[in-house]
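Read through the structure below, which is laid out as structure tokens, and then see the notes.
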Number of protein chains: 2
Amino acid sequence: MTPEDQTSSLSDGKGEVFRRRSLHEELTEAIRELIVVGDLLPGTRVPEKELCALYSVSRTPLREALKVLAIDGLVNLEPNRGAWVSKITKEDIDDVFPVMGALEALSGELACKHISDAEIGNVRRLHREMLKYFEQRDLEGYFAVNQQIHEAILSAARNKTLTAQYNSLAARVRRARYVANMTMDRWTQATEEHEQIMTFLERRDGARLSAILKKHLENKLETVRQWLDDNEEADGAKAR
Amino acid sequence: MTPEDQTSSLSDGKGEVFRRRSLHEELTEAIRELIVVGDLLPGTRVPEKELCALYSVSRTPLREALKVLAIDGLVNLEPNRGAWVSKITKEDIDDVFPVMGALEALSGELACKHISDAEIGNVRRLHREMLKYFEQRDLEGYFAVNQQIHEAILSAARNKTLTAQYNSLAARVRRARYVANMTMDRWTQATEEHEQIMTFLERRDGARLSAILKKHLENKLETVRQWLDDNEEADGAKAR
DNA sequence: CCGACTCAAAATGCATTCATTATTCAAACA
DNA sequence: TGTTTGAATAATGAATGCATTTTGAGTCGG
């Protein structure tokens, strides 16, 4: 085999994406997104066969991906019965949000220790951008930038383990937030909280940033919980 | 087929019934233990073939298990190059312990809210048992009961997500603690801290319990870090 | 003598196949 | 008529097989 041929696998006969990241990794991400966005409905079965056909892969890498998603809590694996998209129950989010809160708090604390001026500038820029979306009442744009802000803080914490654990939970939180729309009041409140987040981050006040991040998430929890109160009809199938 | 087995309603609830353990689950646990205990050395390759022979399984379930362990951070998967036992580096434990601390703190906080008198009694019993091991200088026994105490508190927190995240990290912490022996001073200190843990738990003082648990772990971190300082020659193989 | 190249052997990622288990649905029974 | 039985069907879990990549030894050339 000639050494130059090493980069030849990018355009296979199947037209698949380049194999830089292994197949099961790509699958994990793709299916995670399907679940978060709601294309795969909570409480339903994960259609193994269809997904195999959709992505033109065999069951082996797909099942590997499902194992990973099971750890993230997005699917439940039942021996000999297959994989089910986990439901968004009140118990579930009451479990997830406090843990996420603890991680966010730690994230803020560590970020204040390590963040550079340039990074703060970047967050400030994102913050301004988010305010614009708020003023324009563009919820999609708001969410997108919002997420970037939290990720920027997380990245400034300089802790890979924290990042991994955070991202593992983030999918479930995002999914919950995706279904539960904010009221205008909550939105205003959330934006005000972000104002404080920005302030404490610039002061590198770890304790206060930590506290406000935790509270910020608690308020988000309240939003989602309220939505669940209003939409109990979504429950019906077996949970597990 | 046995006709009587159709009345499956006994395992219908959401409680943790004995779900049949599939092969990859067993494997995950077995290999995790191999790594934690040190039978598989940090920095070395995971001998896929040998493990298949050892457990008399094919590569498929083994590889599924490795995916799970990779998330726990016990192994690193390198595309087309296989799985490697992750090393215990200073950066690694400096990452893991703070996150673990945050989770333990939350665990204590929630436990104080939900723990029953009977459960407190059980922890008290474990605590006494641990003190006996301390007096007998039985480190193995001490560690075993120690772990049970932390697990009892965790269980009292009534949070499945927290439990999952905690256990995911616990393996790495256990592994670190396994290699790094405590000095007598540290051991005494740890025992004293456990005395306080017991006190605050019985008072159901969440804030203080949370704080002491976090500090307890910080001290453990110091022990491990010191050990790493003294044993830098352990590094040599490839990190990732 | 040392480095680069070639080629073979081993290992990996994924697909396919096989055995076991669950599910379905029609027939038998009370 | 409603419930239960049991065989056909479908799906899952795991083993095997195949193509690609990596690794390493041996050879050639400088």
Qualifying residues under ring-ring contact (aromatic ring centres under 6.0 Å, His included), relative to A:Tyr142, sequence neighbours excluded =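 Per chain and number, A:Tyr142 pairs via ring-ring contact (aromatic ring centres under 6.0 Å, His included) with A:Trp187.
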Side chains of B:Arg158 and B:Thr163, donor plus acceptor under 3.5 Å =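 No, because no side-chain N or O of B:Arg158 sits under 3.5 Å from a partner of the opposite role on B:Thr163.
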Could you give me the CA-CA distance, side-chain angles and deciding distance for B:Arg225 and B:Asp94, then say whether salt bridge (Lys or Arg N to Asp or Glu O under 4.0 Å) is met?
-> CA-CA 8 Å; B:Arg225 196 185 276 153; B:Asp94 280 348; 2.8 Å; yes
Scan for salt bridge (charged side-chain N to carboxylate O under 4.0 Å, His left out) pairs involving residues 51-62 of chain A, sequence neighbours excluded, and state none if there are none.
->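 For residues 51-62 of chain A, and leaving out neighbouring residues, the salt bridge (charged side-chain N to carboxylate O under 4.0 Å, His left out) pairs sorted by first residue read A:Glu48-A:Arg59.
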Using atom [atom1] of [X] as one end and atom [atom2] of [N] as the other, report the distance to the nearest whole Å.
X	N	atom1	atom2	result
B:Arg59	C:dA15	CZ	C1'	12 Å
A:Glu25	C:dG13	CD	C1'	13 Å
A:Tyr55	C:dG13	OH	P	21 Å
A:Asn80	C:dA19	CG	P	17 Å
B:Arg45	D:dT22	CZ	P	13 Å
B:Leu27	D:dG13	CG	P	14 Å
A:Glu78	C:dT21	CD	C1'	14 Å

Do any of residues 60-73 of chain B sit with a heavy atom less than 4.0 Å from DNA chain C, and if so which?
-> B:Arg63
Considering only side-chain heavy atoms of [X], which listed nucleotide, [options], is closest?
X	options	result
A:His24	D:dA14, C:dC14, C:dA15	C:dC14
B:Ser22	C:dC14, C:dA15, D:dA14	D:dA14
A:Glu48	D:dT12, D:dA14, C:dC14	D:dT12
B:Ser58	D:dA11, D:dA15, C:dA15	D:dA15

Is a donor-acceptor contact shorter than 3.5 angstrom present between the side chain of B:Arg81 and the base of C:dG13?
->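 Side chain to base: no pair present.
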Taking only residues two or more places apart in sequence, or in another chain, which ones meet A:Asn167 in a side chain to side chain donor-acceptor pair (under 3.5 Å)?
->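 Checked A:Asn167 against side chain to side chain donor-acceptor pair (under 3.5 Å); zero matches.
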Who passes side-chain contact (heavy atoms from CB on, under 4.5 Å) against A:Gln148, sequence neighbours left out?
-> A:Leu126
Report the residues that fulfil side-chain contact (heavy atoms from CB on, under 4.5 Å) with B:Arg125, sequence neighbours left out, ordered by chain and then residue number.
-> B:Asn122, B:Glu129
